[in-house]
Amino acid sequence: MDETMLQSGSAGNLVYQQLKQQIVSLELPPGTALSEKETSLTFHVSRTPVRESFVRLAQEGLLLVLPQRGTRVSLIDPDMVEEARFMREQLEKAVIRLACESFPTDKLQEMENNLVMQQESMERLDGKRMFELDEAFHRILFEGVRKMGTWNVIQQMNAHLNRTRVLWLSLDPHWGNLFEQHREMIQAIRSRNADLAERIMKEHLTLSISNLPVLKQRYPEYFK
């Protein structure tokens with residue numbers, strides 16, 4: 001981490017962002033013990049920004065802070081996974097309907113470019129990159145209808161769902177359905193077919209939790 005950036009007063013936010021990324025990507029798996037001292041040494045910061053980051057992550061349900069017993073990465077909560085999916089479905093169905101009414105040409109091109117990169121990731125069986133591109137694809141959709149505040153709200157609840165998505169992408173590299181649904185969304189937006197776009201989005205987000213029972217059976221130690 002760049003020392004100049006840390007000295008600028010943004011240390012707490014940088015530590016928070018990095019830790020959250022490590023938790024969501026499962027670089028820090030559910031149940032991992034964390035300490036303020038070791039984390040401060042890792043990031044070359046004082047304990048204050050680390051403590052602040054721990055509080056923020058605990059508020060989002062990603063860390064469990066137990067008095068006298070330390071801090072651990074929280075287990076994945078299936079109820080929070082389902083609630084995040086429900087929220088995303090309601091909001092993203094509305095957003096894609098807006099996109100069918102009016103959507104910038106340059107944003108459509110960004111989505112097309114994203115699809116090309118998804119195809120390359122599928123060929124390389126790169127689950128980490130596929131997850132990043134999936135997130136970017138949906139973010140472009142929100143950018144195109146100028147609803148980034150809504151996107152940011154989703155991110156506050158999305159972490160448990162995202163951990164299951166990362167887990168599935170790493171377990172099963174057959175991502176054809178995901179890719180095809182993205183392609184069909186672009187076609188629906190181009191043709192301004194809001195009903196079709198909404199249906200595809202609903203199916204797409206249902207797909208994101210359809211494998212939850214398999215994941216719980218395969219990785220019981222990761223789930224609440």
Side-chain angles (χ1 to χ4, degrees), residues 1-3 5-91 127-128 131-132 134-135 138-139 149-172 205 208-224:
M1 187 176 292
D2 187 88
E3 289 186 4
M5 294 179 71
L6 290 176
Q7 292 168 0
S8 71
S10 60
N13 193 52
L14 289 170
V15 172
Y16 161 79
Q17 293 290 349
Q18 185 71 8
L19 282 175
K20 184 171 183 177
Q21 188 276 327
Q22 291 175 353
I23 293 170
V24 170
S25 69
L26 303 179
E27 184 178 338
L28 291 174
T32 301
L34 296 176
S35 78
E36 287 184 8
K37 180 180 179 180
E38 290 178 2
T39 304
S40 65
L41 290 173
T42 298
F43 289 100
H44 307 290
V45 297
S46 68
R47 290 197 183 191
T48 299
V50 171
R51 189 175 302 116
E52 293 170 352
S53 300
F54 280 11
V55 169
R56 290 177 68 182
L57 291 166
Q59 289 173 342
E60 293 182 26
L62 290 176
L63 288 185
L64 186 62
V65 181
L66 302 170
Q68 312 303 322
R69 294 171 56 190
T71 299
R72 292 185 178 276
V73 177
S74 67
L75 300 180
I76 299 172
D77 186 338
D79 289 339
M80 293 187 72
V81 171
E82 166 53 27
E83 188 167 353
R85 184 214 58 81
F86 173 80
M87 180 179 68
R88 283 196 66 162
E89 179 186 317
Q90 304 312 308
L91 294 175
K128 181 176 184 293
F131 171 77
E132 292 169 351
D134 184 18
E135 281 291 280
H138 288 263
R139 181 187 174 96
T150 305
W151 173 259
N152 292 333
V153 168
I154 287 175
Q155 298 314 300
Q156 296 300 310
M157 280 190 62
N158 217 22
H160 283 263
L161 174 60
N162 280 346
R163 286 196 288 176
T164 64
R165 290 168 59 209
V166 169
L167 200 56
W168 181 253
L169 285 170
S170 67
L171 182 65
D172 182 4
L205 293 172
S208 68
I209 66 161
S210 61
N211 299 307
L212 191 58
V214 176
L215 295 177
K216 290 169 66 176
Q217 184 176 26
R218 182 73 177 269
Y219 302 98
E221 71 278 12
Y222 282 2
F223 288 86
K224 187 173 178 180

State, with a plain yes or no, whether a side-chain heavy atom of Leu62 is found less than 4.5 Å away from one of Arg163. yes
Hey, could you give me the CG/OG1 distance between Leu66 and Thr71, rounded to the nearest 0.5 Å? 7.5 Å
Give a yes or no on whether Gln17 atom CD has more than 12 heavy-atom contacts from other residues, nucleotides or ligands under 6.0 Å away. yes
Less than 4.5 Å apart, side chain to side chain, heavy atoms only: is that true for Leu34 and Leu28? yes
Neighbour count above 12 (heavy atom, 6.0 Å) for Gln90 CD: yes
Is Ser74 reaching over with its side chain to a backbone N or O of Gly61, donor-acceptor style, under 3.5 angstrom? yes
Could you go through the side chain to side chain contact (heavy atoms under 4.5 Å, CB included) check for Leu167 and Phe223 one step at a time? CA-CA 12 Å; Leu167 200 56; Phe223 288 86; 4.2 Å; yes
Once rounded to the nearest 0.5 Å, what's the spacing between atom CE of Met87 and atom CD of Gln156? 9.0 Å
Test your reading of the model: is there a side-chain donor-acceptor pair from Thr39 to the backbone of Glu36, 3.5 Å cut-off? no
Pairwise distance CZ(Arg47) to OG(Ser35) - rounded to 0.5 angstrom: 7.5 Å
Could you walk me through whether Glu135 and Glu132 pass the side chain to side chain contact (heavy atoms under 4.5 Å, CB included) check? CA-CA 5 Å; Glu135 281 291 280; Glu132 292 169 351; 5.9 Å; no
Assess the residue pair Leu19 and Leu63 against the criterion (side chain to side chain contact (heavy atoms under 4.5 Å, CB included)); give the C-alpha distance rounded to whole Å, side-chain angles, the decisive distance to 0.1 Å, and a yes or no. CA-CA 10 Å; Leu19 282 175; Leu63 288 185; 5.6 Å; no
Checking side-chain contact (heavy atoms from CB on, under 4.5 Å) against Val24, which of Gln21, Gln22, Lys20 comes through? Lys20
Does atom CD of Gln217 have more than 12 heavy-atom neighbours, drawn from other residues, nucleotides or ligands, at distances under 6.0 Å? no
Arg56/Glu60 salt bridge by N-O under 4.0 Å criterion: no
Look up atom CD in Glu83 and atom CG in Asp77, then write down how far apart they are to the nearest 0.5 Å. 9.5 Å
Would you call His138 and Arg88 a side-chain contact if the rule is heavy atoms closer than 4.5 Å? yes
Nearest 0.5 angstrom please: Thr164 OG1 to Glu82 CD, how far? 11.0 Å
